[in-house]
Amino acid sequence: MGRQLDKLNQALIDFIQRQKMFFVSTAMEEGSINLSPKGLDSLRVIDENRVVWLNLTGSGNETAAHLNHKNRITIMFCAFEGDPMILRLYGAAKVHSFDSKFWKDHIDLFPQIKGGRQLVDIKIEKVQISCGMGVPIMEYKHQRQGLLDWAEKQGDAGLEKYWKTKNSTSLDGHPIEN
C-alpha cells in the first residue's frame, strides 16, 4: 500500500498546504526521541525537495538540540478529512536562529507570529506515502490561540528570558545552541 518517491509532486504539495497540523520527529543516537505536533501557519514548501518550518517557542527545544547533534528529521502529515493518506518527509535539517541571515532572508515567507525562535531548513531526501486508512476522520474547528496570546504577553525580552531559562538544555541534558 505504501510507496516511496525522491521528491514531492504537485498533488503532494497541495496536500501539505491544506493540512492544519503536522508532526515533527528527531532523535540523536541515544536518549529520548522527540515527536511533536505542530500547527498554525508554520510550514512552507520551497520546492519539491525542500521545506522550511517556523519553530515556535514551546515548553522544550528538543528539535534544535537533536538537530545540532544529528541533522536527521521526519515530518509527518495525516489526512484527517477526505481520502486517507499519511505523508512522511525524511530529510536532513539545519536550525537557524532568529538573529541569523537565513532567518532574515526567509522569515517573510510566514505571517508575523510572535514567539518564532528558529527556522528549520529541511532538505527532503525521501518521501513516503502510505494509506492512512486507520486514521480517524476529524472535523477541524480552529487553531488554538493560547500559545500566540502567551508569546504576545511575554514580549521580546520575556521570550528571550524564557528561551535562556527553559529552552537552553534538552530533556537529556544536552546544551541547545539555538
Side-chain angles (χ1 to χ4, degrees), residues 16 19-46 50-78 80 86-104 106-107 109-126 128 135 138 140-178:
I16 289 170
Q19 301 313 299
K20 307 290 191 236
M21 177 181 180
F22 60 97
F23 300 85
V24 175
S25 182
T26 57
M28 292 189 219
E29 289 85 2
E30 295 187 23
S32 301
I33 296 169
N34 184 54
L35 174 61
S36 297
K38 304 297 176 186
L40 301 168
D41 190 9
S42 63
L43 188 115
R44 293 291 179 271
V45 177
I46 303 301
R50 188 167 167 222
V51 296
V52 175
W53 159 51
L54 174 60
N55 188 12
L56 302 172
T57 300
S59 57
N61 199 358
E62 297 305 293
T63 301
H66 290 178
L67 293 176
N68 284 331
H69 289 272
K70 188 79 170 174
N71 69 345
R72 62 187 177 159
I73 191 167
T74 302
I75 306 284
M76 184 179 76
F77 304 88
C78 298
F80 294 111
I86 298 171
L87 173 64
R88 291 180 183 90
L89 310 179
Y90 298 92
K94 182 166 176 45
V95 178
H96 301 275
S97 64
F98 69 95
D99 59 355
S100 69
K101 180 177 181 346
F102 185 90
W103 175 281
K104 292 175 180 115
H106 293 85
I107 192 59
L109 294 171
F110 302 91
Q112 289 187 348
I113 301 175
K114 193 71 164 175
R117 62 180 168 194
Q118 296 137 349
L119 288 173
V120 181
D121 185 17
I122 304 160
K123 307 240 185 305
I124 300 167
E125 298 168 343
K126 181 172 35 178
Q128 182 188 41
V135 175
M138 297 170 30
Y140 174 76
K141 291 187 178 185
H142 57 82
Q143 292 284 350
R144 295 176 194 260
Q145 287 296 121
L147 180 64
L148 302 175
D149 294 344
W150 174 86
E152 192 67 42
K153 184 178 176 183
Q154 300 306 304
D156 292 340
L159 285 169
E160 288 192 42
K161 180 180 176 185
Y162 184 86
W163 296 336
K164 286 178 185 168
T165 59
K166 301 282 190 179
N167 290 171
S168 61
T169 306
S170 76
L171 290 172
D172 297 320
H174 298 283
I176 300 170
E177 299 167 18
N178 290 316

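Small disclaimer: the values here were computed from a predicted structure and weren't measured.
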Sub-3.5 Å donor-acceptor pair from the side chain of [X] to the main-chain atoms of [Y], do we have one?
| X | Y | value |
| --- | --- | --- |
| Ser42 | Gly39 | yes |
| Asn167 | Gly58 | yes |
| Glu125 | Tyr90 | no |
| Lys104 | Asp99 | yes |
| Asp172 | Ser32 | yes |

Minimum side-chain heavy-atom gap [X]-[Y] below 4.5 Å:
| X | Y | result |
| --- | --- | --- |
| Trp163 | Gln118 | no |
| Ile122 | Leu89 | no |
| Lys38 | Asn55 | yes |
| Met76 | Ile86 | yes |
| Leu54 | Asp41 | no |
| Glu62 | Leu171 | yes |
| Val95 | Trp53 | no |

For the [atom1] atom of [X] and the [atom2] atom of [Y], what is their distance to the nearest 0.5 Å?
| X | Y | atom1 | atom2 | answer |
| --- | --- | --- | --- | --- |
| Leu67 | His96 | CG | NE2 | 10.5 Å |
| Trp150 | Leu56 | CH2 | CG | 10.5 Å |
| Ser170 | His69 | OG | NE2 | 7.0 Å |
| Ile124 | Thr74 | CD1 | OG1 | 11.5 Å |
| Ser168 | His174 | OG | NE2 | 13.5 Å |
| Glu160 | Gln154 | CD | CD | 12.0 Å |

Distance-minimising heavy-atom pair for [X] and [Y]:
| X | Y | answer |
| --- | --- | --- |
| Leu159 | Ala151 | CD1-O, 4.0 Å |
| Ala93 | Ile73 | CB-CG2, 3.7 Å |
| Met21 | Phe77 | O-CD2, 4.2 Å |

Would you tabulate the side-chain donor-acceptor contacts of residues 22-30 under 3.5 Å, counting partners in other chains and residues two or more places apart, or write 'none'?
unit_1, atom_1, unit_2, atom_2, d
Ser25, OG, Asn34, O, 3.3
Thr26, OG1, His66, ND1, 2.9

Have a look at Lys114 and tell me which of Thr57, Asp156, Leu148 forms a side-chain contact (heavy atoms from CB on, under 4.5 Å) with it. Asp156
When Asp121 is tested against each of Arg44, Lys101, Arg50 for salt bridge (Lys or Arg N to Asp or Glu O under 4.0 Å), which residue passes? Arg50
May I ask you to check whether Ser97 and Trp103 show a side-chain donor-acceptor distance below 3.5 Å? no
Side chain to side chain contact (heavy atoms under 4.5 Å, CB included), that's the test. Do Leu43 and Gln19 meet it? Break it down for me. CA-CA 10 Å; Leu43 188 115; Gln19 301 313 299; over 6 Å; no
